[in-house]
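Quick notes on the structure that follows.
So that the names make sense, note that chain A is the first sequence line, chain B the second, and so on, each numbered from 1.
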Amino acid sequence: MHSAVLTVKPLRCLAPIFPSAPDPSAPPSAQYASIPPNGPFPPGATPFFPFFAANGPQRPGQPRPFTIPSPVPLNSYKTPGSAAGNGNIGTSRGASRGRTIVDEDGNSVSDGYDEAGNEFNDKTPVTRRKVRSRSGIPVSDTDVAIDSLAEDMLRAFSVAEIDTSRQANSDKELVDRVLIVFNLLRRKITQIEEKTAVPGVARRPDLRAGTLCMSKSVRANTRKRIGPVPGVEIGDIFFFRMELCLAGVHAPSMAGIDYMGVKVAGEDDSMAVSIVSSGGYEDEGDDGEVLIYSGQGGVQRKDKQFSDQQLVRGNLALEKSLHKANEVRVIRGLKDFASPTGKVYVYDGLYKIHESWVEKGKSGCNIFKYKFVRVAGQAEAFTLWKSIQQWKDGVTSRPGIILPDLTSGAESLPVCLVNDVDDEKGPSYFSYTPSLKYTKAFPSTKPSVVNCNCCTGGCQSNSDCPCVQRNGGQIPYTSLGVLQSHNTLIHECASMCICPVNCRNRISQAGLKMRLEVFKTKDKGWGLRSWDPIRSGSFICEYAGVLISENGIDSEDNYIFDATRTFEPLEAQPSEEPVKFPFPLIISAKNEGNVARFMNHSCSPNVYWQPIIRENQDESYFHVGFFAIKHIPPMQELTFDYGMLLAGKAGPRKKKCLCGSLKCKGVFY
DNA sequence: GCTTGATCACAAAT
DNA sequence: CATTTGTGATCAAG
């Protein structure tokens with residue numbers, strides 16, 4: 001396939017290039033004390049955050065060790081007013097020229113990079129965003145902040161490196177990257193808009209982030225095509241229509257039918273390329289292999305009156321595709337049980353239209369119906385969802401199940417143990433503990449902070465709550481438990497806070513939110529995966545276990561989490577800061593641990609970790625929280641990067657890495 | 001308390 | 001540049 005050629009060249013320069021390569025033989029420096037500017041850290045790394053000074057504004061005082069043009073930290077905007085001017089970085093900040101966020105003409109913008117490909121050029125039309133109609137929100141600090149944010153993120157992403165052919169025919173790396181940018185932008189916009197929320201006015205950060213990505217050419221597979229989309233696999237999940245649009249799976253941002261105009265013998269003709277089945281049109285009876293899809297139209301905009309559907313546009317294209325018998329991509333929109341109103345879109349592969357007919361709808365008007373039948377021999381997707389639902393409901397039991405709940409009730413949800421590969425009966429013995437244990441040998445740190453006694457109903461952003469203030473005035477999570485942006489350190493509420501356990505600022509303390517299973521992998525021993533779909537940024541679990549010192553590392557211990565290792569900046573993360581722990585934390589989960597001990601290493605992981613601190617007046621505890629890097633479909637193994645052990649440091653024995661990634665380093669510890 | 005419906009602000013392709 | 005396509009957040013009502 002043509003994309004295979006493109007895949008060969010790993011494009012990625014997500015972090016600024018090092019002026020001179022870091023010297024791996026440099027003597028290992030003391031952790032968390034002082035890091036030489038050219039120390040053994042990945043490009044863009046900043047020194048460890050001095051956790052004892054955690055209360056004040058963090059960013060401004062920090063040294064910036066590299067002089068290369070670097071992206072502004074994501075969370076560097078502090079107040080909307082100063083946002084536009086937070087750049088001592090670079091001289092051509094868009095905001096200062098008043099560049100608009102939304103352009104009228106996407107094409108002119110998509111060419112808005114210079115040949116060298118490192119900066120946006122100035123051809124972009126300059127107009128302030130139109131006054132937000134009727135909402136009563138003036139063109140505000142919010143807009144300025146978002147504007148500036150977008151610039152920063154897009155620059156950090158080196159979007160300009162992507163040439164047009166790669167844009168037209170993409171690959172997994174680009175698709176992933178585009179979606180990650182979209183989601184980071186979207187979450188960040190949500191956070192910014194939270195500050196100016198007007199009751200009763202629905203905000204659409206998804207649309208706003210989508211428009212930004214579209215206009216800045218942060219998108220993949222722009223060439224419309226029949227059949228598979230490179231970089232998008234069957235079973236991949238999406239949480240917004242905009243994501244389908246940006247990935248090139250389904251172009252219309254709203255309409256359910258995407259089609260192509262084609263010329264046949266000089267005649268205009270059309271054919272359908274993809275549909276989104278959202279259940280919005282009365283019925284869709286299906287058994288997983290067949291889908292009955294209703295045509296579009298027949299509903300009046302304003303008065304919601306029904307009328308007969310017409311055989312035009314999408315409906316016509318479907319009719320033509322029935323006769324052409326071409327493959328049509330099907331995306332199934334399902335209810336997302338993790339979110340009260342949300343939806344998940346599952347890419348269910350290729351179908352063909354076998355029949356069409358007209359039915360009378362409830363209103364008595366004609367509705368077109370199309371029978372879609374799944375092309376045989378494709379990987380399981382929607383049917384897997386159905387099976388999982390049955391396992392959950394107890395209708396059928398999970399094949400290969402060894403134990404229904406290996407936590408023995410220690411978690412809020414059961415975690416089953418499964419082996420459908422061989423006859424090993426389970427991992428070696430350990431005792432299950434849901435959280436990290438501190439002992440006298442590793443006392444808490446002494447932050448002397450003020451606990452909240454204000455938030456009996458749970459803490460709120462933009463309040464004077466001291467716990468929220470420690471996070472820069474905003475709760476670091478969304479209401480769904482999704483991390484809003486990459487943080488240096490998450491300050492959670494702790495035992496002395498008055499807020500309840502379900503406080504939004506206690507996400508890592510609320511227990512598992514998704515059904516996980518520990519399963520036997522083909523060649524990597526036991527692993528961890530989820531029955532539920534996972535939104536990018538979601539909290540998954542913490543790393544439980546027992547704190548140990550560096551001297552206490554047993555080379556036979558394969559269940560070590562070591563925050564003192566170095567970690568590469570995340571794939572496709574625009575943050576200049578790789579995850580760093582402000583504390584020399586090493587955990588062993590050999591004898592005691594939770595589900596996290598089963599997470600295998602990968603050089604292109606789908607999970608990453610963030611330090612979390614739970615602070616009380618006179619004690620505070622660090623924890624390690626695991627979050628999804630991208631959306632993770634059900635049953636896809638959860639993996640994180642174990643990090644690089646510095647030369648001369650004690651650690652477990654080196655092992656051959658089997659992650660199979662293009663960027664595989666070959667070994668891990 | 002939890003689901004359902006009404007309302008509203010919006011984007012892309014054509 | 002207007003039309004065609006629902007979506008997704010929010011809040012009130014059931």
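One interatomic measurement links the two molecules: CG of A:Leu334 to C1' of C:dT7, which rounds to 16 Å at whole-angstrom precision. Distance CD (A:Glu193) to P (B:dA9): 14 Å, rounded to an integer number of Å. Atom CZ of A:Arg223 and atom C1' of B:dA13 are 18 Å apart (whole Å). Rounded to an integer number of Å, the gap from CZ of A:Arg208 to C1' of B:dC8 is 16 Å. C:dT5 atom C1' lies 15 Å from atom CD1 of A:Ile331, rounded to whole Å. Rounded to a whole Å, the CG atom of A:Leu246 is 14 Å from the C1' atom of B:dA13. Rounded to whole angstrom, the span from the CZ atom of A:Arg313 across to the P atom of B:dT14 amounts to 12 Å. When the P atom of B:dA11 is taken as reference, atom CZ of A:Phe182 falls 12 Å away, rounded to whole Å.
With a 4.5 Å cut-off on side-chain heavy atoms, A:Val346 and A:Leu334 count as touching.
When each of A:Met260 and A:Ser253 is assigned the nucleotide of DNA chain B bearing its nearest heavy atom, the one mapping closer to the 5' terminus is A:Ser253. With the nearest nucleotide of DNA chain B identified for both A:Pro252 and A:Pro340, A:Pro340 has the one nearer the 5' end.
Ring-centre distance between A:His631 and A:Phe239: below the 6.0 Å cut-off. Ring centers of A:Phe627 and A:Phe539: under 6.0 Å apart, within the cut-off.
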Quick tally for nucleotides 8-14 of chain C: nucleotides whose base has a protein heavy atom under 4.0 Å get B, sugar-phosphate-only ones S, the rest -, giving BBBS---
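In this structure, A:Asp464 places its CG atom where only 12 or fewer heavy-atom neighbours from other residues, nucleotides or ligands lie under 6.0 Å away.
The side-chain contact (heavy atoms from CB on, under 4.5 Å) test applied to A:Ala510 returns A:Lys513, not counting sequence neighbours.
Across all strands shown, A:Lys335 has no heavy atoms under 4.0 Å from either base or sugar-phosphate atoms.
Remark: A:Lys343 is not positioned above the aromatic ring of A:Tyr345, lacking an NZ or CZ atom under 6.0 angstrom from the ring centre and at most 45 degrees off the axis. With A:Tyr477 as the aromatic partner, A:Arg504 does not meet the cation-pi criteria of under 6.0 angstrom to the ring centre and within 45 degrees of the ring axis.
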